There are 2 protein chains.
Amino acid sequence: MLRYAIVTPPVTPSRDEVLRVVAELGTPLPAALSRRERARQATVDEIKATALDLMREHATTDVRFTDIARVMGMTAPALYRYFDDRDELLSALIVDGFDSLGAAVAEAVRPLDEADLPARWSAASQAYRAWASAEPQMFALILGMPVPGYQAPEEGPTTEAAKAAMSQLSSLFVAAAQRGELRPPLIREVSVSMADCEKSKHDELCDVLPPESFQAMLQTWAMLHGFVSLEAYGHFDWMEPEARDALFRSHMRLAATASGLPVPPA
Amino acid sequence: MLRYAIVTPPVTPSRDEVLRVVAELGTPLPAALSRRERARQATVDEIKATALDLMREHATTDVRFTDIARVMGMTAPALYRYFDDRDELLSALIVDGFDSLGAAVAEAVRPLDEADLPARWSAASQAYRAWASAEPQMFALILGMPVPGYQAPEEGPTTEAAKAAMSQLSSLFVAAAQRGELRPPLIREVSVSMADCEKSKHDELCDVLPPESFQAMLQTWAMLHGFVSLEAYGHFDWMEPEARDALFRSHMRLAATASGLPVPPA
DNA sequence: ACGGTTACGTTACGCCTCATAACAAACACG
DNA sequence: CGTGTTTGTTATGAGGCGTAACGTAACCGT
C-alpha cells in the first residue's frame with residue numbers, strides 16, 4: 001500500500017545538503033552545527049518531506065502522525081520529539097509552502113531578461129498556476145481554508161513567509177514602475193480608504209507605486225488567484241487542458257491590460 | 001458549552017414547514033408524505049441544520065457525528081439511520097450549500113428592475129461575496145478543497161447543484177446579450193479549443209453568447225471568485241473593511257468593463 | 001382492535017488516531 | 001569509564017468513526 005523505499009530519503013544527508021537546507025531556512029548558520037543538531041535537522045526535514053509525500057499520495061491535507069512514522073520506520077510518539085503537535089507540523093509545512101511557492105515564481109522569472117517584463121509576468125503567473133496545480137494540497141493549505149481544527153498563529157512566521165511569497169508579485173509592478181513601463185490601470189478611481197490604507201500597511205510600495213496601481217496589483221492577484229483556485233479544485237475540469245491553457249493565457253493578458261503592466265504579445 | 005435550546009428545532013414541524021422544505025428541495029411532492037416520511041425528513045433537516053450550526057460555531061468544516069447527536073439529544077449511531085457515513089452528510093451539505101448560494105444571488109437580483117443590468121450585476125456579485133463572508137466554511141466546502149478524506153462523487157447531485165448556482169451568473173450574460181446590451185469583451189481572441197469546448201459542454205449558452213463573451217464570463221467568475229476567496233480566507237484582513245468594500249466595487253467595475261457587461265456607475 | 005412488520009434509537013464493541021507517561025538504549029563529554 | 005542528555009520505545013488513556021445486536025414504538029393490513 002505504502003511504498004516505503006520511494007518516500008524514504010537517506011537518514012543522514014550530506015553536509016552540503018544540510019547547509020543548503022539551513023541556508024534556505026534563513027538560519028544564520030552559527031559557525032557550524034553539532035553532529036546531533038545536524039541529525040535532528042535532518043529528521044525534521046524528513047518528517048516534513050514524508051508528510052508532503054503522504055499529502056500528495058492521499059490527495060488530502062490530512063496527515064496522520066501514525067502514517068508518517070510508519071513510512072519513516074518509526075513509531076508515532078517519536079515525532080513528538082520534533083513537533084509539539086499536529087498544528088506545529090502544519091505551521092512548518094505552511095511556511096515551507098509559501099517559501100516553495102515564492103521560490104517557484106522566482107525560479108521561473110530569474111533566467112529571463114530583466115527588461116522583458118511581459119515575459120516575466122507570463123512566467124511568474126504560469127509558475128503560480130503550475131505550482132498550485134502540481135500541489136493542490138499545499139495550495140489549499142497556504143491559501144485556502146486550512147485543515148479542520150488547525151488555527152493559524154496570528155502574526156507568526158507564516159505571515160512573514162506569505163509576505164515574502166507575495167512580494168514576488170509586487171516586485172514586478174515595482175520594476176515596471178521604475179522602468180517607466182507601467183501604464184495607468186484601466187480603473188483609476190481609488191477610494192480614500194484604499195489610498196490611506198496603502199500608506200499605513202505597505203509603505204515601502206507607496207513610494208514607487210501610485211495608489212491606483214497598488215489597487216490594480218491587488219486586483220491582478222485576485223484575478224490570478226481566482227483562476228488558479230477554480231482550476232486547482234477541479235471546477236474547470238469540464239474544459240479540455242488546451243482550452244484551460246488558452247483561457248489562462250487570455251486571463252493573464254486581461255490582467256496585464258487592466259492593471260497597466262506591459263502586455264504579453266498574443 | 002453547547003446551547004441545546006437554541007439549536008434544537010421542534011421535532012415535529014408544522015405541515016407548512018414541511019411543505020416549504022419539500023418544495024425547497026424540489027421534490028415533486030407525490031400527493032403527500034406519510035407521517036413517517038415527514039418525521040424522517042424533519043430529522044434529516046435537523047441533522048443538517050445542526051451540522052451547519054456546529055460548523056459555524058467551531059469555524060471549521062469538520063463535523064463530529066458525536067457532537068451533532070449530542071446537540072440533538074441523541075447518540076451518534078442513530079445518525080447512521082439517516083446518512084450512511086460522513087461523506088454522505090457532507091455531500092448533502094454541499095448540495096444545500098450550492099442551493100443556498102444560488103438562492104442568495106437570486107434573492108438579491110429578483111427585486112431589481114430587469115432592465116437595470118448594472119444594478120443586477122452589482123447585487124449578484126455582492127450577494128456572492130456576502131454569502132462567502134458570512135459562511136466561509138460552507139464556501140470552502142463547496143468551492144474550495146473540501147474536508148480531508150472526503151471524496152466528491154463524480155457527476156452526482158452536487159454537480160447539478162453547482163451548475164444551477166453558476167447559472168445565476170451566466171443568466172446575467174444571457175440577459176445582456178438578448179437585450180443587446182452586451183458589448184464585446186476587452187479580450188476578443190478566442191482559441192480554437194476554447195470555442196470548440198464551448199460547443200460541446202455548454203451548448204445552451206453558445207446559441208446566445210459569442211465564444212469571446214463565454215470566455216469573458218468565465219474570466220468574470222474567476223475575478224469574482226478570486227477576490228471572494230482571498231477575503232473569505234483572511235488574506236485581505238490587513239485592509240480596513242471600507243477599503244475592502246471599495247476594492248471590491250472597483251474590482252467588479254473592472255470585471256464588467258472587461259467582460260462587456262453594462263458597467264455600474266461609479 | 002390485534003399481531004406482524006418496519007423504523008428508530010439505544011448500548012456494547014472493535015478499530016483507529018492523537019497525545020502523554022514511563023522506560024530503555026545511544027550518544028556526547030568530562 | 002560514568003553521567004546526563006537526546007532519541008527512541010512500549011504502555012496507556014481519551015475520544016471519534018462505524019457496526020452489531022438488541023429493545024421499543026409506531027404503522028398497517030386484516
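Fair warning: this is a prediction, and the values are worked out from it, not measured in the lab. The sequence lines fix the lettering, A, B, ..., with proteins before strands; numbering per chain opens at 1.
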Rounded distance (Å) that lies between atom P of dT9(D) and atom CE of Met72(A): 10 Å
Aromatic ring proximity Phe65(A)/Phe83(A), centre distance under 6.0 Å: no
Length of the CZ-C1' vector between Arg38(B) and dA26(D), whole Å: 14 Å
Between P of dC18(C) and CZ of Arg64(B), the distance in whole Å: 14 Å
Matching residue for Leu79(A) among Val44(A), Ile47(A), Asp85(A) - test: side chain to side chain contact (heavy atoms under 4.5 Å, CB included): Ile47(A)
Nearest-Å distance for atom pair CZ/C1', residues Phe65(B) and dC17(D): 9 Å
N/O (side chain, Thr66(B)) to phosphate O (OP1/OP2, dG15(D)) under 4.0 Å: no
Touch class at under 4.0 angstrom, heavy-atom based, for Tyr80(B) against every strand present: base
pair Phe139(B)-His225(B): side-chain heavy atoms closer than 4.5 Å: yes
Spatial distance of atom CD (Gln219(A)) from atom CG (Leu224(A)) [nearest 0.5 Å]: 13.5 Å
d(CD1, Ile68(A); C1', dA19(C)) in whole Å: 14 Å
Min side-chain heavy-atom separation Met138(A)-Ser100(A) under 4.5 Å: no
Interatomic distance, Phe83(A) CZ vs dT20(C) P [rounded to whole Å]: 15 Å
Nearest-angstrom distance from the residue atom CZ of Arg70(B) to C1' of dG15(D): 11 Å
Atom-to-atom span, CG of Asp84(B) to C1' of dG18(D) - whole angstrom: 11 Å
Per-nucleotide protein contact string for nucleotides 4-12 of chain C (B base, S sugar-phosphate only, - none; heavy atom under 4.0 Å): --BSBBBBB
Carboxylate-amine/guanidinium proximity below 4.0 Å for Glu107(B) and Arg110(B): yes
